[in-house]
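Notes follow the structure.
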Amino acid sequence: MRLSITPDFAALEIARDAWSEPFWQWGEQGEVRMPACLHCGAFRWPAGPFCPSCRTQEVEWRPTGQARIHTFTILPISGEATKVRMPTLVEFDDAPGVRLVSVLVDADPDTVAIGMPVAIDWIAASNGKVAVFRTEATGDRA
Amino acid sequence: MTEPDDPAVFAYFHDGHVDRDNIAHYRGLMRSRLLVNRCNECGHWIYPHRPLCPECLSFSVEPAEVSGLGRLYMWTLIHQSRDPDKPLATPLLAAAIELVEQPGLRYLSRVVGCPPERLRHDMPVQLTWIEEEGRRWPAFTPLDMG
Amino acid sequence: MARNPLRDKVAIVGIGSTRYGRDLGRSELALGLEAAVAAIRDAGISPGEVDGICGTGMTPLAMGGAGFLSLQGALGIERCTWGKNGWLGSALVFTVEAVFSGLCDMALLVQANVRGANMSRSAARDPYRARAARYADVGGDVGLGDFAKRWIHSGEPYAAIMRRYMHDFGVGKNAFAMMAVNCRTQGTANPEAILRHPLSLADYEASRTIWDPMQIADMDVPCDCAEALVITTAERARDLRRKPVYVHAMSLGGTRIGEYYENFAGWRDNSFQVAHRGLWERSELSLADIDLFYPYDGYTMDAVAITEAAGYCGIGEATDLFRSSWDASRNLLMLDGRVPVMTGGGGLSHGRAGGANLYAEAARQLRGDLGERQVPGASAALISIGSFFHDPSAVVLRA
């Protein structure tokens, strides 16, 4: 059986900026929140200064609900027969239009499918925590 | 003296932008020879190190040794390196030397052995070699003081 | 209809190509210069007549490459009133727009490519490629585990997009396989193609998986090569030795996704869709007038999505289109029973030129230059080059 690895994020410096800062701060608390426009409600991601739909600046950082796999790929690792990397893009039930990219960890690639619910885990990087995805949990982590 | 092979040139100039068009020049520096590309068809000297003769569009271009004689076309005195925390103890004299081989053929180098206040535009200079942190570099020095 | 004042006002009048090889042992600049000199000679002009240059890349001062400044200096061109760098499909669009606007009259477009140091083990051992990568303007280190960054300058997301395509439209890999096999078959007629041995559908299926589900047969061939075009006004073109190939209409295609690959805009709003909508709003010729089709094939996923965006079929319907267009005796696609796809073999067979070889091949076909692989009577070509995210172009050239 093949299993997807957890990359070493220890030396990774996250590019935090004014617009994405709350994302990383919610992440420190183990929660995914995404910016929704206070005027029209549209989510914007990547975080930025203006709503791409109505150009409003103000946002509210809302919970995003269940994450599901939008698509993924499986990358072999040189010299490793049983380990792969799985870059994965997820969507959220309660944050339409948002897609978050990271890696699916500890997963058997042969059992992974588009639409599958995933849980979010947060792993330490040099200046914050990075979200990664896991398949086993149901996603109702409070 | 054998020619240094490609890996030796890459190792010696580990921090430089060595490429296929300039490696012969860098190889020459390791043997204290200053090489500039020259067109085999029309004799035109080509600098910077490029593989095409702009005069006759010939790709038959070969590095050839220059006499090392020229004139000081222009210069600047560098007091501070790119890192502002590293001021230079002795200012560096960076110069464009117009070589006698061809009008407009200007090699970018250093001037040594001359106090800055004695520099003059178009003063005659000649090639010399300096050692710096274990590496050998071409430099130019005033002809009448050489 | 959108405005199209440049219709047939600008023409390709010179074409120059280098050989294509895995390792030609030349710098990017040397390759670019060889193509440039060939294009200038083909046009029958002197270098001094060139007054605008579009070089290769994204950064004007990138060192060691075939940027417009290096090209002008090395070619000894005294005066240019326009210069810019570009790549993929947009480079030709920029050059045509410069000639049309009057910023220059005789433009030289040069696209040089060297196989990157990260493209194979042998490339990684080549000290020249390694040293050049340090000075390259895009790419290099894509950053540890930071996949948001990694997916900006990498092909990996295309594999995920391919998987999503198969999921959304309930199809297998038949369309990708037929595109790969078609391009290889076309390439067997091109003496300069790097991969000239025939590829069958079974060979495709058996090819190595690189980024699951993408296989090596889905990916273009990294190589050393360069292409150059001389582009001028239609008036000036009439006095030159070569039969002009006119730019009939063109469009770029930006989306609100910007450079964020992971936030793929979807099948209806990606760059290919925008570029083709822009093209057909401007072109007087329609798809029915097109005799030759060149959908960029950096990955087969690109070429499939471009075929759909061009309007040959609906979104997600390429599998059925290709099945009905497949000549099984020759392993070739003939759209509508008459339009060949990617004569010359494209990136999948001829070699990775960022699409520049598609423009050159189309222009040569429209001049009637190609001997054995000439498509008789071809008078209009659709060339679409770029990615789902950046630099997409859709261009109609006509004889």
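First the proteins, then the strands, lettered A, B, ... as listed; each starts at 1. Atom set for the values below is all heavy atoms of this structure, side chains included, hydrogens, waters and symmetry mates excluded.
Residues C:Met214 and A:Thr73 have side chains not in contact (no heavy-atom distance under 4.5 Å, counting atoms from C-beta outward). The shortest side-chain heavy-atom distance between A:Thr71 and C:His167 does not fall under the 4.5 Å cut-off.
Minimum heavy-atom separation, C:Arg164 to A:His70: NH1-O, 2.6 Å.
Taken to the nearest 0.5 Å, the CD1 atom of A:Ile74 stands 4.5 Å off from the CZ atom of C:Arg163. Expressed to the nearest 0.5 Å, how far CG of C:Asp212 lies from CZ of A:Arg2 amounts to 6.5 Å. Here CG of A:Leu75 is found 10.5 Å from CD1 of C:Ile210. Values are rounded to the nearest 0.5 Å.
Shown here is A:Glu60, whose CD atom has more than 12 heavy atoms of other residues, nucleotides or ligands within 6.0 Å.
A:Ile123 does not touch chain C: none of its heavy atoms, backbone or side chain, sits under 4.5 Å away. For A:Ser53, the parts lying under 4.5 angstrom from a heavy atom of chain C are both the backbone and the side chain.
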